[in-house]
Protein chains: 2
Amino acid sequence: MARHSRVRLADVAQLVGVSTTTASRALNGRGEISDATRAAVLEAADRLGFRPSPFAQSLQSRRSNTVGLIVPNVAHHFYATIVQGAQSYLKEAGYQLVLIDSGEDAEGVADAIDTLIGHWVDGIMITTTPFTAVGFSDLLNGTPCVFIDETVEGVGAGSITLENSEGVALLVDHLAETHGHKRIAFLGGRPDRTDGRERREGFLNAMARRGLLVAPEHVSEGEWSVRSGVEQTLHQIDLATPPTALIAASAELALGALAAARSRGLRLPDDMAIVSFDDPEVGALLEPALTAITYDTLAMGERSARLLVAAFDNESAPFNDVRLPVSLVTRRSCGCEFDTLQALKHAGFDDPRGRVTSPSPS
Amino acid sequence: MARHSRVRLADVAQLVGVSTTTASRALNGRGEISDATRAAVLEAADRLGFRPSPFAQSLQSRRSNTVGLIVPNVAHHFYATIVQGAQSYLKEAGYQLVLIDSGEDAEGVADAIDTLIGHWVDGIMITTTPFTAVGFSDLLNGTPCVFIDETVEGVGAGSITLENSEGVALLVDHLAETHGHKRIAFLGGRPDRTDGRERREGFLNAMARRGLLVAPEHVSEGEWSVRSGVEQTLHQIDLATPPTALIAASAELALGALAAARSRGLRLPDDMAIVSFDDPEVGALLEPALTAITYDTLAMGERSARLLVAAFDNESAPFNDVRLPVSLVTRRSCGCEFDTLQALKHAGFDDPRGRVTSPSPS
DNA sequence: CTGTTAGCGCGTTCAA
DNA sequence: TTGAACGCGCTAACAG
């Protein structure tokens, strides 16, 4: 295998005719040094293509300039975008991202944390929380950490989450005020996740605030998946008193809901309105185009990385609980007017790399 | 910032009462050593929670046990899945993945390669090729490398690509044989990419093989994006002799095509059939459900990683050009029968992590 | 079978 | 302003 053999600091120093100490000082700008030698060293380093060995540096400094990110599934757009956001900030800040796709189960996450600590990452960002506070504390063993989209009480430097209940309230308000819906059902995800729980509670609160009754059978629960969306929706449609509008707690649930309703021959949005927390990548391209809550996932990643890096310099800072705003994009599935082609022209969808971006709400 | 201070080999050795050399031998299984001391060292290491410093090891061995992966856009499902596949193999093989989202432009990729080499990765996987062979050779400077979805002649240990022309041929054959289409148009992506070029040529060849005429205006070109799909499709529809079927060279183009055709009031698939190379995540949930070429993206990532790691042990092996098979999934957009709900029940879409997997063809 | 020595490449003393 | 010496933690080479 290719053993790396490159120019060392010593080579640079030798070329210039100074000690490695001097060369080091010139390159790092520490200590006093004459302008002449500094210039000479810099030029020599440049000419030789000198790159300091990160291992030697880390061995000496006891820090790796590396940050770990644990996601349950990189292939999911939400997590992939967080990776992207995090990396863009970390690069700027001089850190390298180490990504681990852990799966969602506890064992995988424990493994991932262990691996990252074994690699001496300076900090860890975690997007899935199958442990309690003590569990995490044990695993982390003092390594700085930030939670994304989830919160674990009293562990880590902070968390970045969405305004989940506010978002659901936007959906409820829009359905009720603009379109006059009263019998609104909620398709939920897993209640053991922070986001799932908050969205569910947000729904109940928003309905209560408007004095709208929620029949128990109009609040269902399931997995965070398309299949579950189908099942929950069929169940709702078959009810003696089916709802006139559906709020899906996630993009996958909404996709399932759309498919299920269509296959039952319902005309959307006339027979039933369907809206969603989470705007799927293809939200504007669905039939009907999906009214949804959007948010800046890229910013979630960036903010998280920023929060973590900030924590490096200030370990004793209090837990930082950041909430990111969300907003409503009205399209056709709620009953509003929406011209897909027009929307495409004005907002996004032109990423040359092929990304299907949703029009960002202003 | 949290300086790592942990148990060193020396601590273990001291506890047992042997030299670090002996301890090292016991832990690494090198050299002769008595069973008794080996056991003692292992136990002590375990009890102390000893983890060898990767920096010290790398400094000494001159290898990092780390592999770099460069993608133009992690947020894109295709690349995200490659990341996932690559990581799953690398983990098994004892390597850590270092991911860089470089963007698609040459500068970003050059930067990424540079960064990775600066981190002494043992090898690099590249998914976008904005350079010629000499360009890459210069940048890589001997670092083992594998290309994914693209090929650069004569550089690296090998490449993993799809059976692009075979895939397009499957689409052409299906449209012609099963549905009797003769005027088939092709919506192309960027011809400067290996995949784009091969799909375009595959189309022309497949049509020629069947003796079908292709009017020049029925082969268009553009970006790899939804917007471009919309534009190209509108252009085709407005032609004096519009095609009766459309083959989109990528998922994004297909999504754009669907939206454009629908917005013009065309009934799909009766007025126009639309099929696609690339099965979008939501292929089965579109209206109409999209007939498409699918392939195992996860396997692309795995195979690539496998190929790279194999190259570590055998640097002089010849260039390994791996082609991954693709297959046709017929749904409704070509004119076939397709029951979305039924498909959901039988194939995929039940990933608890929320992944929207396409039914895999058997 | 085991220990001593030395060096991977860098930064940081301390002394000149 | 510069340099010599040392140590970060580990393993390979060379004794014993």
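So that the names make sense, note that chain A is the first sequence line, chain B the second, and so on, each numbered from 1. Nothing here was measured: the structure is a model prediction, and the numbers come from that model.
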Just N and O in the side chain of A:Arg62: are any of them under 4.0 Å from OP1 or OP2 of C:dG11? no
Counting the atoms with a prime plus P, OP1 and OP2 as sugar-phosphate, which does A:Ser58 contact under 4.0 Å by heavy atoms, base, sugar-phosphate, or nothing? nothing
Can you check the A:Arg63 CZ to C:dG11 P distance for me, whole Å? 13 Å
Please report, rounded to the nearest Å, how far the P atom of C:dC8 is from the CG atom of A:Asp11. 11 Å
Does the side chain of B:Phe50 come within less than 4.5 Å of B:Asp11's, by heavy atoms? no
So, the side chain of A:Ser58 versus the backbone of A:Arg63: is there a donor-acceptor pair under 3.5 Å, distance only? yes
Atom CZ of B:Arg8 and atom P of D:dG7: how far apart are they, to the nearest Å? 12 Å
Check whether the side chain of B:Arg25 and the base of C:dG3 form a donor-acceptor pair under 3.5 Å. yes
Candidates D:dT2, C:dT2, D:dG9 - which lies nearest the side chain of A:Ser34: D:dT2
Hey, is the main chain of B:Thr297 close enough, under 3.5 Å, to the side chain of B:Thr81 for a donor-acceptor pair? no
With the side chain of B:Leu9 defined as its heavy atoms from C-beta on, choose the nearest nucleotide among C:dG9, D:dT11, D:dT2. D:dT11
Rounded distance [0.5 Å steps], CD in A:Gln87 versus CD in A:Glu92: 11.5 Å
In whole angstroms, how far is the P atom of C:dC1 from the CG atom of B:Asn28? 17 Å
Is there a side-chain contact between B:Val155 and B:Val152 in this structure, where contact means two heavy atoms from C-beta onward sitting under 4.5 Å apart? yes
Assess whether one donor atom and one acceptor atom, taken from the side chain of B:Thr21 and the base of C:dT4, lie less than 3.5 Å apart. yes
Closest to the 5' end of DNA chain C, once B:Ala56 and B:Gly17 are matched to their nearest nucleotides, is B:Gly17
Donor-acceptor pair, side chain of A:Asp149 and main chain of A:Thr161, under 3.5 angstrom: no
Nucleotide D:dT1, atom C1' - distance to CZ of A:Arg38 in whole Å: 11 Å
Considering just the side-chain nitrogens and oxygens of A:Ser61, establish if one lies under 4.0 Å of OP1 or OP2 belonging to D:dC8. no
Quick one: which of C:dT12, C:dT2, D:dG9 gets closest to the side chain of B:Thr22? C:dT2
Would you confirm whether B:Arg323, through its side chain, and B:Leu162, through its main-chain N or O, come within 3.5 Å as a donor-acceptor pair? yes
In whole Å, what is the span from the CG atom of A:Leu59 to the C1' atom of C:dG11? 11 Å
Measure CD/B:Glu32 against C1'/C:dT2 and give the value in whole Å, please. 11 Å
Divergence of helical axes at both termini of the helix from C:dC1-D:dG16 to C:dA16-D:dT1 - five pairs an end, 10° steps: 50°
With a 4.0 Å limit, can you tell me whether B:Ser24 has a side-chain N or O closer than that to the phosphate oxygens OP1/OP2 of D:dC10? no
Side chain of A:Gln57, heavy atoms from C-beta onward: which of D:dT11, C:dC10, D:dC8 has the nearest atom to it? C:dC10
Any A:Thr20 side-chain nitrogen or oxygen under 4.0 Å from OP1 or OP2 of D:dG3: no
Which nucleotide in the list D:dC10, C:dG11, C:dT2 gets nearest to the side chain of B:Ile33? C:dT2
How long is the line joining CZ of A:Arg51 and P of C:dC8, in whole Å? 21 Å
Using modelled atom types and a 3.5 Å cut-off, is there a donor and acceptor pairing between side-chain atoms of A:Asp122 and backbone atoms of A:Ser64? yes
Among the candidates D:dC10, C:dG9, C:dT4, find the nucleotide nearest to the side-chain atoms of B:Ser19. C:dT4
